[in-house]
Amino acid sequence: MQKIKNIAVIAHVDHGKTTLVDKLLQQSGTFASHQKVEERALDSNDLEKERGITILSKNTAIEYSGYKINIIDTPGHADFGGEVERVLKMVDGVLLLVDAQEGVMPQTKFVLKKAIELNLIPLVVVNKIDKPSAEPDRVVNEVFDLLVALDANDEQLEFPILYAAGKDGYAKWEIDDENIDMKPLFEAIIEYVPSPSGSRDNPTQAQVFTLDSDNFVGRIGIVRIFNGRVKRGDEYILVKASGEKVKSRVSKLIGFKGLERIDIDEAEAGDIVAIAGFNDIDVGDSICDTKEPIPLDPMHVEEPTLSVVISVNDGPLAGTEGKHVTSNKIKDRLQKEMETNIAMKMESLDDSSFKVSGRGELQIAILAENMRREGFEFLLARPQVVIKEESGLKLEPFEYLVIDVPEEFQGTVIEKLGKRKAEMTALTPMPDGTVRLEFEIPARGLIGFRSEFLTDTRGEGIMNHSYLEYRPYTGRVESRTKGALVSTENGEAVAFALFNLQARGVLFVKPQDRVYVGMVIGESARGGDLDVNPIKSKQLTNMRTTSADEAIKLVPPKILTLEGAMEWIEDDELIEITPDNIRVRKKALDPIIRKREAREKKKNR
Ligand SMILES: Nc1nc2c(ncn2[C@@H]2O[C@H](COP(=O)(O)OP(=O)(O)OP(=O)(O)O)[C@@H](O)[C@H]2O)c(=O)[nH]1
Ligand SMILES: [Mg+2]
């Protein structure tokens, strides 16, 4: 049997997973010396490159001293935690990376908890030890304490520890070893990660953990083979989560080698390969022997905690910028997403709107951003947390929040979070003069908090959070305190009008931008919405020329990003997303309807 090790690289966001995998690829000798490995080679899709984060987990394989090591790089951002959960079942060991300065962070807890539940022994890599303020000993203690808190067993508490600077390409057993390469890490993987169980002589059992597609062969499932063999040309039974069975033939079998994919004829228990030939293949499905189909447990991941309504654009500019605008197109696209993204769910609300649920704002924003780049145009409402009811009790999701701020801001931050129903659980002074504040907070309280926090801490604060659990509903939490500047006109914004409006708040539009009745063109400096006219030109009697008009000095507008807009909007507002623009509008465009609604809302308070 082939000698194989399967590992996943897990950590909090930015602790250096993808960079470390680069170095493992480079130093394993999987590549010829003239081949260059690009920086963060596995972050291959556009949004990953632009944002410098991993969104989808991806696998690669290297060879080291007679072993094939399959490595799955996972995303560290809490919103993509579902990706981590589903790949953990596919591996026999994890490399848990922890930043030698930041230490244990919210997502470190989340991913380690999932690994411990699956009985995996973490190979702990204290990473980025090159940082001047690194404190590797403290970090090791934090990991130990966390494992104790997670009820790890004795074997797990004996975890091996390496110290590394992934970026510089070295790992070592002791902090003052002179080693300059990744050899200790390769050796640790071979020594400590258990070899796959299962046998090539058993009936075939494999499970899909990621989907891919290929223009020539169609849908491809990337699977871990737990038992038996998979051969190109042979027939297997695909068992879906619903229990439905479909027989089909493997038309193409693909193996992984470094960043390359190679056609192979056969693969066996323990390996990770890609399979084509099953048109209905989905994440979680099992591929089984035709005579003895024994499906594997379908995958379970944590339920979504946040939902958002996506609907057809019905504004006056509808259809002028997007290619795909109809309800059917949007529905098909969302359904396609749900097939690959098991941490998300969707339901149709009516003919033109859909409720999409996920783990957090970023996960939903990435979906929306991808759709917009594919030419879609649609409306997005304010994110809502998913409320549950258990034995008559209303429950809402809570998050574990960690904040690092310079000491002088600690008072403001604690006060603001208090209003959002957060409870502080720890306050730790850090060696670099900052303080680390830990909270438990209803997820609702976090919506819209980030931008306020960044302003309050002059961009110096860092916040991180991840899902904790459902707890009893906490009642009203404070949200945006400022109103919107709402256009009373259809047309194009005019410099003269915008100049006069600047004193009223922060504008989102610039001259010549298209505006319409009910569109939000800025944030008012005060509470309560304000109707404004952004297209009003100066009177003709005023004798100044257009060139003088152009000379008007405008403050550059605040360009709303998709996530920025999702944080900012209120329940009576929507984001209009098109390939070219992100606009904010009132749900009810008609000013009379809006006034009536506002009056009723006041009455009901
Ligand atoms: N000082 C230092 N910086 C590092 C090291 N390894 C990675 N970085 C930097 O840390 C940042 C994040 O690196 P990534 O490899 O993308 O981290 P990641 O864990 O894959 O991030 P996500 O996938 O988004 O969770 C980049 O700016 C890297 O250059 C290291 O060993 N030392
Ligand atoms: Mg990464």
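Each residue takes its place number in the sequence, starting with 1. Each ligand, and each atom within it, is numbered from 1 in the order the structure gives. Treat the numbers as computed from the prediction; the structure is a model and nothing was measured.
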For Gly166, the atoms of ligand 1 under 4.0 Å from one of its heavy atoms are 31 (O)
Do the side chains of Lys23 and Asp168 get close enough for a salt bridge, i.e. N-O under 4.0 angstrom? no
Exactly one candidate in Leu95, Ile62, Asn6 meets side-chain contact (heavy atoms from CB on, under 4.5 Å) with Ile189; the answer is Leu95
for atom 23 (O) of ligand 1, nearest protein heavy atom and its distance come out as Thr54 OG1, 2.7 Å
If the threshold is 4.0 Å, N to carboxylate O, is there a salt bridge linking Asp130 and Lys167? no
Out of all atoms in ligand 1, which are within 4.0 Å of some heavy atom of Ile53? Include the element for each. 24 (O)
Option with minimal heavy-atom separation from atom 27 (O) of ligand 1, where the choices are His15, Lys23, Arg40: Arg40
Nearest heavy atom to atom 10 (O) of ligand 1: which of Lys167, Lys128, Glu39 does it belong to? Lys128
Only one of Gln410, Glu438, Arg436 clears side-chain contact (heavy atoms from CB on, under 4.5 Å) with Leu427; which? Gln410
With heavy-atom distances below 4.0 Å as the criterion, list the atoms of ligand 1 near Ala165. 31 (O)
Taking NZ, NE, NH1 and NH2 as the nitrogens, is one of them in Arg372 or Glu369 under 4.0 Å from a carboxylate oxygen of the other? yes
Any donor and acceptor pair, going by atom type alone, linking the side chain of Arg420 with main-chain N or O of Ile447 inside 3.5 Å? yes
Here the atoms of ligand 1 under 4.0 Å from any heavy atom belonging to Val13 are 24 (O), 25 (O)
N or O pair under 3.5 Å between Lys131 and ligand 1: no
Taking atom 15 (O) of ligand 1 as the point of reference, which of Thr19, Asp130, Ile10, Asn127 owns the nearest heavy atom? Thr19
Salt bridge or not between Arg373 and Glu50? Use side-chain N to carboxylate O under 4.0 Å. yes
Counting non-hydrogen protein atoms only, what is the nearest one to atom 25 (O) of ligand 1? Give residue, atom name and distance. Lys17 NZ, 2.8 Å
Min N/O separation Ala164 to ligand 1 under 3.5 Å: no
Answer yes or no for Thr18: is there an N/O/S atom below the 2.8 Å cut-off from the Mg ion (ligand 2)? yes
Of all the atoms in Thr74, is at least one N, O or S atom closer to the Mg ion (ligand 2) than 2.8 Å? no
Does Asp92 come within less than 4.0 Å of Lys5, counting only side-chain N to carboxylate O? no
For Asp14, counting its heavy atoms only, list the atoms of ligand 1 lying under 4.0 Å from any of them. 10 (O), 12 (C), 17 (O), 18 (P), 19 (O), 21 (O), 22 (P), 25 (O)
If we check side-chain contact (heavy atoms from CB on, under 4.5 Å) with Ile222, which of these qualifies: Val208, Ile72, Ile272, Ile254? Ile272
